[in-house]
Amino acid sequence: MKLTVKETLPLEYRYILGMRVDATSYEDATQRILAWSANKESKSVFAANVHMTMETHDNSKFARVVNNTDLVTADGMPLVWALKALGIKNASRVYGPTLTLHVCNAAANLGVPVAFYGGTTESLAAFSKFLRNQFPGIKIVSQIAPPFRPLTPEEDEAFTDEIIASGAQILFVGIGCPRQEFWIAEHKNIIPAVMLGVGAAFDFHSGRVKQAPSWMQNIGLEWFFRLIMEPKRLWKRYFKHNPRFVLFFMMQLASRKLKFK
C-alpha cells in the first residue's frame with residue numbers, strides 16, 4: 001500500500017502563546033507519519049499540552065525546537081479549546097498515547113518496523129507485550145531504556161547506532177517533556193525515522209500508570225487526575241503552569257479581538 005503526504009492540503013495552525021499547534025486529526029496525523037516513514041524520512045512529531053506550551057513560552061531555545069518540528073498536535077483539551085477560540089472550529093484532540101496506538105496499528109498492517117526509546121526495561125517489555133496482543137505481526141525492532149541521567153557522548157552514540165542499525169522507520173520517544181523534544185531535535189537528520197514524542201504512553205499502555213477516565217479527559221481535568229496519582233512529582237508543574245496558561249491565553253485572546261475590531 002503506497003501512502004503519500006497530502007502536500008496540496010497543508011494543515012491549518014495557530015500560535016498559542018507563541019507555540020505553533022497544527023489542526024490535525026488521528027487519521028491525518030497517522031497518514032502523514034506512515035507516508036514519511038515509507039520514504040525513511042527523518043521527521044519529528046510532538047504532542048503538545050499546557051506543560052509544553054508554557055515551557056515554550058518560558059524558553060526561547062525550546063520554542064525554536066517546537067516551532068520547527070514537522071507536526072505539533074493538540075494533545076490536551078485546553079489546546080483544542082484554544083484552537084477553536086482562535087478560529088479553527090473543527091479542531092480536535094490528538095492525544096499522544098492514543099496516537100501511538102493508531103500509528104502502531106497502521107505500522108503493523110503495513111509491515112513498518114517500529115522502535116521505542118524511553119521508560120524502563122520492565123515498562124518496555126510490558127508495552128511490547130500489550131502491542132503484540134493488540135496488533136499481531138507488529139515489527140518491534142529495537143527497545144532502549146536509557147538511564148535516568150544525562151548520557152555520555154559515547155552512550156548516546158551507541159544508542160543512536162543501535163536504532164539506525166535496527167532499521168526502524170518509526171521511533172516512539174518517551175522520556176518526558178522537554179527532554180524528549182530536545183533529544184528528537186538533536187537526532188533529526190541523523191536517525192532516518194519519524195520520531196514521535198509520546199511522554200508517558202509506554203507506562204499508560206503497559207498498565208504501570210493509570211490514565212484518567214475518558215470523561216475527565218474530555219472536560220480537561222486529566223491534569224487533576226494525574227496530580228492525585230503523582231502529587232509529589234507533578235504539583236509544582238501544574239501549580240506553576242496552569243494558572244499562567246489561563247491568564248496569558250485570555251490576554252492573547254483579548255488582544256486578538258481588539259486587533260480585529
Asker: Taking side chain to side chain contact (heavy atoms under 4.5 Å, CB included) as the test, write out the residues that go with Pro146, two or more places apart.
Answerer: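 Listed in chain order: Tyr117, Ile144, Leu151, Phe159, Ile175.
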Asker: In chain order, what residues pass the side chain to side chain contact (heavy atoms under 4.5 Å, CB included) check against Tyr15, with sequence neighbours excluded?
Answerer: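 Residues passing side chain to side chain contact (heavy atoms under 4.5 Å, CB included) with Tyr15: Tyr13, Arg20, Asn67.
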Asker: For a quick test of your reading: what N or O donor-acceptor pairs under 3.5 Å do the side chains of residues 99-110 make, sequence neighbours left out?
Answerer:
residue, atom, partner, partner atom, Å
Thr100, OG1, Gly96, O, 2.9
Asn109, ND2, Asn105, O, 3.3

Asker: Not counting sequence neighbours, which residues clear salt bridge (charged side-chain N to carboxylate O under 4.0 Å, His left out) with Glu12? List them please.
Answerer: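 Scan of Glu12 (salt bridge (charged side-chain N to carboxylate O under 4.0 Å, His left out), adjacent residues dropped) gives Arg14.
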Asker: Just to verify, what does Glu122 make a side chain to side chain contact (heavy atoms under 4.5 Å, CB included) with, not counting sequence neighbours?
Answerer: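 Partners of Glu122 under the side chain to side chain contact (heavy atoms under 4.5 Å, CB included) test: Thr120, Arg208.
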Asker: Scan for side chain to side chain donor-acceptor pair (under 3.5 Å) pairs involving residues 129-141, sequence neighbours excluded, and state none if there are none.
Answerer: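 Those involving residues 129-141 do not exist here.
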Asker: Answer yes when Asp22 and Arg32 have at least one side-chain N-carboxylate O distance shorter than 4.0 Å, and no when they do not.
Answerer: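 No, no charged N to carboxylate O under 4.0 Å.
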Asker: Side-chain donor-acceptor pairs under 3.5 Å in residues 187-196, sequence neighbours left out?
Answerer:
residue, atom, partner, partner atom, Å
His187, ND1, Trp183, O, 2.6
His187, NE2, Asp156, OD1, 3.0
His187, NE2, Asp156, OD2, 3.1
His187, NE2, Thr160, OG1, 3.3
Lys188, NZ, Ser44, OG, 3.4
Lys188, NZ, Asp70, OD2, 2.9

Asker: Please go through Trp81's hydrophobic cluster and name the other residues, only I, L, V, M, F, W, Y counting, with side-chain heavy atoms under 4.5 Å joining them.
Answerer: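 The other cluster members (ILVMFWY side chains, heavy atoms under 4.5 Å, direct or chained) are Met77, Val80.
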Asker: Could you work out, with side chain to side chain donor-acceptor pair (under 3.5 Å) as the rule, every residue matching Arg64, not counting sequence neighbours?
Answerer: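 For Arg64 there are no side chain to side chain donor-acceptor pair (under 3.5 Å) partners, ignoring immediate neighbours.
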Asker: Would you list the pairs meeting salt bridge (charged side-chain N to carboxylate O under 4.0 Å, His left out) in which at least one residue belongs to residues 89-105, sequence neighbours left out?
Answerer: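 As it turns out, the salt bridge (charged side-chain N to carboxylate O under 4.0 Å, His left out) pairs with a partner in residues 89-105, which skip direct neighbours, are Arg93-Glu222.
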Asker: Quick one: side chain to side chain contact (heavy atoms under 4.5 Å, CB included) partners of Asn49, sequence neighbours excluded?
Answerer: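 With neighbours one apart ignored, the set is His51, Met52, Asp75.
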Asker: Does Val141 sit in a hydrophobic cluster with other residues, and if so which ones, taking ILVMFWY side chains as linked at heavy-atom separations under 4.5 Å, directly or through other members?
Answerer: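 Via sub-4.5 Å side-chain contacts, Val141 links to none.
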